[in-house]
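Below is one structure; the comments refer to it alone.
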Amino acid sequence: MHKKLLRSILLVISMFAVSGCGIIDMIYLPPAEDTAQEVFEAANDAMSEKNYVRAVELYNKLRDTYPFSPYTVDAELSLADAYFLDEEYELAAETYKDFESLHPRHEAIPYVLYQTGMSLMKQFRSIDRATTELKEAYDYFDRLRQTFPDSPYSKSAEEHMRTCRQLMAEHELYIADVFWHMKKYGPAWHRYEYIMKNFKDVPEVADHAKEKSLAAYHNYREAQSQEVREKREGSWKRWFTWL
């Protein structure tokens, strides 16, 4: 009788110990990490829901936690897309550039070149701002056109190249017009001349610059003549004052 009771007590203690270990594990042990596939799928779900901030977080987690996973390369490209769709164009451009540097032979490189150009072009805000990003965007579109002429992105890249040139020409014209309105006809004339020589592929802007160049040159020469006359008159006035 006593032996049966002792066995029952020991069994209860054992069961409690086992369940106690489980409880302890649940309290103190960290939860199991998601697999690379689970993180990738969760990031893709966030993308489909247009939750780009969450997608960026998850793609970065996958890249940092599982750098050698077969999902990581796709995650790196998707990360750039998430930045682009979230209109974080500067981050998108840098991430696309990083992808090209890390995977120069990847089959998606034509797309990456195109998206890099788009990310750079979309950083341009107005013609009164610098055109550094536009010039770089033009170069990326040109690389795509020359390196992958049969790419489905090539034709669109050519159209964007024309847009970049149009905006660059309008920027130069804006600066020339600022000089004109400030009556600094010399700098205005030189800027109009620069547009005529360097933006022949944007004929409407080049033709307008030609007309303004002639007028600016005329006003510049007239201002110089006026300055010479004023100097002469000043000399005569000083001479008579001395007499």
Side-chain angles (χ1 to χ4, degrees), residues 18-125 132-161 163-164:
V18 170
S19 62
C21 288
I23 294 170
I24 292 172
D25 287 346
M26 289 174 62
I27 296 174
Y28 293 104
L29 292 180
E33 282 285 334
D34 291 330
T35 66
Q37 182 179 354
E38 288 171 336
V39 175
F40 185 62
E41 290 175 353
N44 290 342
D45 289 341
M47 283 283 278
S48 64
E49 295 166 4
K50 298 184 179 180
N51 187 351
Y52 303 122
V53 174
R54 177 60 175 164
V56 164
E57 178 187 344
L58 290 169
Y59 287 132
N60 273 317
K61 177 182 178 180
L62 175 57
R63 186 178 63 173
D64 296 340
T65 308
Y66 303 100
F68 304 110
S69 165
Y71 299 99
T72 300
V73 174
D74 288 339
E76 290 170 345
L77 183 53
S78 296
L79 174 63
D81 289 339
Y83 282 133
F84 184 86
L85 292 170
D86 201 31
E87 298 183 2
E88 295 284 353
Y89 298 122
E90 187 173 349
L91 289 170
E94 292 305 314
T95 308
Y96 285 123
K97 289 177 184 179
D98 289 343
F99 185 91
E100 184 193 1
S101 297
L102 291 169
H103 315 287
R105 300 180 183 277
H106 195 279
E107 62 182 4
I109 290 301
Y111 170 77
V112 170
L113 293 176
Y114 179 79
Q115 284 296 102
T116 305
M118 290 298 298
S119 301
L120 290 163
M121 190 171 72
K122 285 182 175 293
Q123 291 179 52
F124 181 73
R125 298 301 179 189
T132 306
E133 288 81 11
L134 275 180
K135 293 173 182 174
E136 192 177 1
Y138 179 92
D139 290 339
Y140 269 92
F141 290 135
D142 193 35
R143 277 184 57 202
L144 169 59
R145 182 179 62 87
Q146 293 192 41
T147 309
F148 304 98
D150 298 326
S151 165
Y153 302 102
S154 184
K155 184 176 180 180
S156 184
E158 289 183 1
E159 294 173 0
H160 291 310
M161 287 170 68
T163 300
C164 288

Between [X] and [Y], is any pair of side-chain heavy atoms under 4.5 Å apart?
X    : Y    : answer
F148 : R143 : no
T116 : V112 : yes
M161 : D142 : yes
L79  : E76  : no

> Going by the salt bridge (Lys or Arg N to Asp or Glu O under 4.0 Å) test, which pairs reach into residues 45-58, not counting sequence neighbours?
Replying inline: R54-E57
Any idea which heavy atoms bring [X] and [Y] closest together, and the distance?
X    : Y    : answer
S156 : Y114 : OG-OH, 2.9 Å
G117 : A137 : O-CB, 3.4 Å
S69  : A36  : OG-CB, 3.4 Å
D86  : V53  : OD2-CG2, 4.0 Å
A157 : L144 : CB-CD2, 3.7 Å

What's the separation between atom [atom1] in [X] and atom [atom2] in [Y], rounded to the nearest 0.5 Å?
X    : Y    : atom1 : atom2 : value
Y140 : L120 : OH    : CG    : 7.0 Å
R63  : S78  : CZ    : OG    : 12.0 Å
R105 : I109 : CZ    : CD1   : 11.0 Å
L58  : F40  : CG    : CZ    : 11.5 Å
Q123 : E87  : CD    : CD    : 12.5 Å
H160 : K122 : NE2   : NZ    : 8.0 Å

>> Is it the case that the side chains of N44 and Y59 hold a donor-acceptor pair, with the cut-off being a distance below 3.5 Å and no angle test?
In response: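 On atom types as modelled, these side chains qualify, holding a pair under 3.5 Å.
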> Is there a donor-acceptor contact under 3.5 Å linking the side chains of D34 and Y66?
Replying inline: no
> Has the side chain of S119 got a donor or acceptor atom that lies under 3.5 Å from a matching backbone atom of Q115?
Replying inline: yes
>> Strictly by ring-ring contact (aromatic ring centres under 6.0 Å, His included), give each pair with a member in residues 78-100 just once, sequence neighbours left out.
In response: F84-Y89, F99-H103, F99-H106
> Does atom CD of E107 have more than 12 heavy-atom neighbours, drawn from other residues, nucleotides or ligands, at distances under 6.0 Å?
Replying inline: no
> What do the steps show when you test D81 against M47 for side chain to side chain contact (heavy atoms under 4.5 Å, CB included), and what is the final call?
Replying inline: CA-CA 9 Å; D81 289 339; M47 283 283 278; 4.2 Å; yes
> Looking at residues at least two apart in the chain, or sitting in another chain, which of them share a side-chain contact (heavy atoms from CB on, under 4.5 Å) with L134?
Replying inline: M121, F124, T131, C164, L167, M168
> Any Lys/Arg nitrogen of E100 or K97 sitting under 4.0 Å from an Asp/Glu carboxylate oxygen of the other?
Replying inline: no
